[in-house]
Amino acid sequence: MKTSNYTIREAVMADAERLQEAFLGHINAHTEYISHGEIQMGVGVAVHTEDGKFAGRPSPNAAEMWHKYITEHLASDDAAVFLAENAERQLLGFSVIDIEEDGADPFGMLCDLLVLSENRSQGIGTALMQRDFAWFKEKGIKDIYLESGRENHSAHAFFEHHGFEHVSNIYKLL
């Protein structure tokens, strides 16, 4: 998919390092992005802040764990990674999606959708999501879920704007 300022394409294994660099840079600067998904896969850890509230933080081995995650998704037939890049091949954002089969019917999971801060409000997130939806449709998937960090309010508004509805809360024993 080509727009006037960027291209959306399916990522390949050679993109893994720059996807990892972008992701880790983002979660280090924006810990509100960390959700139970990052904690479950070892990219993040759950901590109590000084005021006793829960917060997610990058784990000490976040790079190793995210590299494992992204390379597994890049190699899977039941997953896709799409990236947005400009004419100079500079990464602007990406999405990671997969098909889960632990329900009555297979369902889609929008695992990650990240537009780097300096590239927001240009339609990149919408374009990535539209590409994700097209991939799910090609695979016959109608039911799509996502999860998002508790304090990631701008993402919540974005997802709701695109038709997602809040259906549950996740709890973790700390």
Side-chain angles (χ1 to χ4, degrees), residues 11-76 78-85 90-100 102 107-122 124-129 131-132 144-162 164-174:
V12 296
M13 200 60 76
D15 295 310
E17 188 174 323
R18 69 185 182 138
L19 290 165
Q20 178 176 321
E21 182 180 311
F23 181 81
L24 294 174
H26 186 77
I27 67 166
N28 280 308
H30 303 279
T31 57
E32 69 277 4
Y33 186 92
I34 297 171
S35 69
H36 80 279
E38 284 77 27
I39 294 166
Q40 286 174 323
M41 71 172 138
V43 172
V45 294
V47 298
H48 283 111
T49 60
E50 290 179 14
D51 61 2
K53 294 185 179 178
F54 162 84
R57 299 285 183 260
S59 71
N61 61 341
E64 173 189 344
M65 299 309 292
W66 208 78
H67 180 77
K68 178 181 178 211
Y69 161 79
I70 197 64
T71 56
E72 286 174 355
H73 279 77
L74 287 166
S76 174
D78 287 332
V81 180
F82 295 103
L83 58 81
E85 58 189 2
Q90 179 183 33
L91 183 65
L92 308 174
F94 65 89
S95 62
V96 180
I97 57 177
D98 66 26
I99 297 172
E100 302 285 333
D102 65 351
F107 60 91
M109 189 70 184
L110 197 162
C111 304
D112 285 291
L113 177 64
L114 189 143
V115 176
L116 300 175
S117 299
E118 62 273 16
N119 302 308
R120 294 197 174 155
S121 300
Q122 298 177 36
I124 296 168
T126 298
L128 283 164
M129 188 178 285
R131 183 60 191 101
D132 296 340
I144 303 169
Y145 295 87
L146 63 82
E147 48 92 14
S148 181
R150 182 170 80 176
E151 300 300 324
N152 199 0
H153 302 297
S154 62
H156 302 163
F158 174 82
F159 295 134
E160 289 170 359
H161 175 77
H162 286 81
F164 284 91
E165 293 188 31
H166 181 211
V167 295
S168 67
N169 292 309
I170 301 291
Y171 293 84
K172 176 174 178 28
L173 182 62
L174 296 179

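What's counted below: heavy atoms across the whole structure, side chains too, no hydrogens, waters or symmetry copies.
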Item checked: F94 and its side chain to side chain contact (heavy atoms under 4.5 Å, CB included) partner, picked from V115, D15, L116, L83 -> L83
Note to self: Can you confirm whether E100 is buried at CD, in the sense that more than 12 heavy atoms of other residues, nucleotides or ligands lie under 6.0 Å from that atom?
What the structure shows: yes
Notebook entry, point to check: How many angstroms lie between atom CD1 of I27 and atom CZ of R57, to the nearest 0.5 angstrom?
Noted result: 11.0 Å
Margin query: Check this for me: Y145, atom OH, are more than 12 non-hydrogen atoms of other residues, nucleotides or ligands nearer than 6.0 Å?
Written below: no
Margin query: I need the M65 CE to S59 OG distance, nearest 0.5 Å.
Written below: 7.5 Å
Note to self: Apply side chain to side chain contact (heavy atoms under 4.5 Å, CB included) to residues V81 and V96 and explain how you reach the verdict.
What the structure shows: CA-CA 5 Å; V81 180; V96 180; 4.2 Å; yes
Margin query: Tell me the closest heavy-atom pair linking T31 and P58, and the distance in Å.
Written below: CG2-CD, 4.0 Å
Next item on the list: Give the intermediate values and the outcome of side chain to side chain contact (heavy atoms under 4.5 Å, CB included) for residues M109 and E147.
Entry: CA-CA 9 Å; M109 189 70 184; E147 48 92 14; 3.8 Å; yes
Notebook entry, point to check: For F23 and V43, what are the C-alpha separation, side-chain angles and deciding distance, and is it a side chain to side chain contact (heavy atoms under 4.5 Å, CB included)?
Noted result: CA-CA 10 Å; F23 181 81; V43 172; 3.7 Å; yes
Next item on the list: Measure across A62 and L24 and return the closest heavy-atom pair with its distance rounded to 0.1 Å.
Entry: CB-CD2, 3.9 Å
Checklist line | Gap separating the CD1 atom of I34 from the NE2 atom of H26, nearest 0.5 angstrom | finding: 9.5 Å
Check: Roughly how far, to the nearest 0.5 Å, is the CG atom of L146 from the CE atom of M129?
Finding: 6.5 Å
Next item on the list: Please answer whether the main-chain N or O of Y69 pairs with a side-chain N or O of E72 as donor and acceptor at a distance below 3.5 Å.
Entry: no
Item checked: Heavy-atom closest pair, residues S148 and A155 -> OG-CB, 4.1 Å
Next item on the list: Would you name the heavy atoms of A11 and L19 that are closest together and state the gap between them?
Entry: CB-CD1, 4.1 Å
Next item on the list: For the residue pair T49 and D51, confirm or rule out a side-chain donor-acceptor distance under 3.5 Å.
Entry: yes
Next item on the list: For H67, check ring-ring contact (aromatic ring centres under 6.0 Å, His included) against everything at least two apart and list the hits.
Entry: none
Note to self: Among residues at least two apart in sequence or on other chains, which ones pass salt bridge (Lys or Arg N to Asp or Glu O under 4.0 Å) with E151?
What the structure shows: none
Checklist line | Closest non-hydrogen atom pair between G93 and L91, with its separation | finding: O-CD1, 3.5 Å
Item checked: Option passing ring-ring contact (aromatic ring centres under 6.0 Å, His included) with F158 (candidates H161, H156, H162) -> H162
Check: Does H48 reach the main-chain N or O of E50 with its side chain, forming a donor-acceptor pair under 3.5 Å?
Finding: no
Next item on the list: To the nearest 0.5 Å, tell me how far I124 CD1 sits from L113 CG.
Entry: 10.5 Å
Notebook entry, point to check: Roughly how far, to the nearest 0.5 Å, is the CG atom of D112 from the CG atom of L128?
Noted result: 11.5 Å
Check: Which atoms form the tightest heavy-atom contact between Q90 and R18, and what is the distance?
Finding: C-NH1, 4.3 Å
Next item on the list: Would you indicate whether the side-chain heavy atoms of C111 and H73 approach each other to under 4.5 Å?
Entry: yes
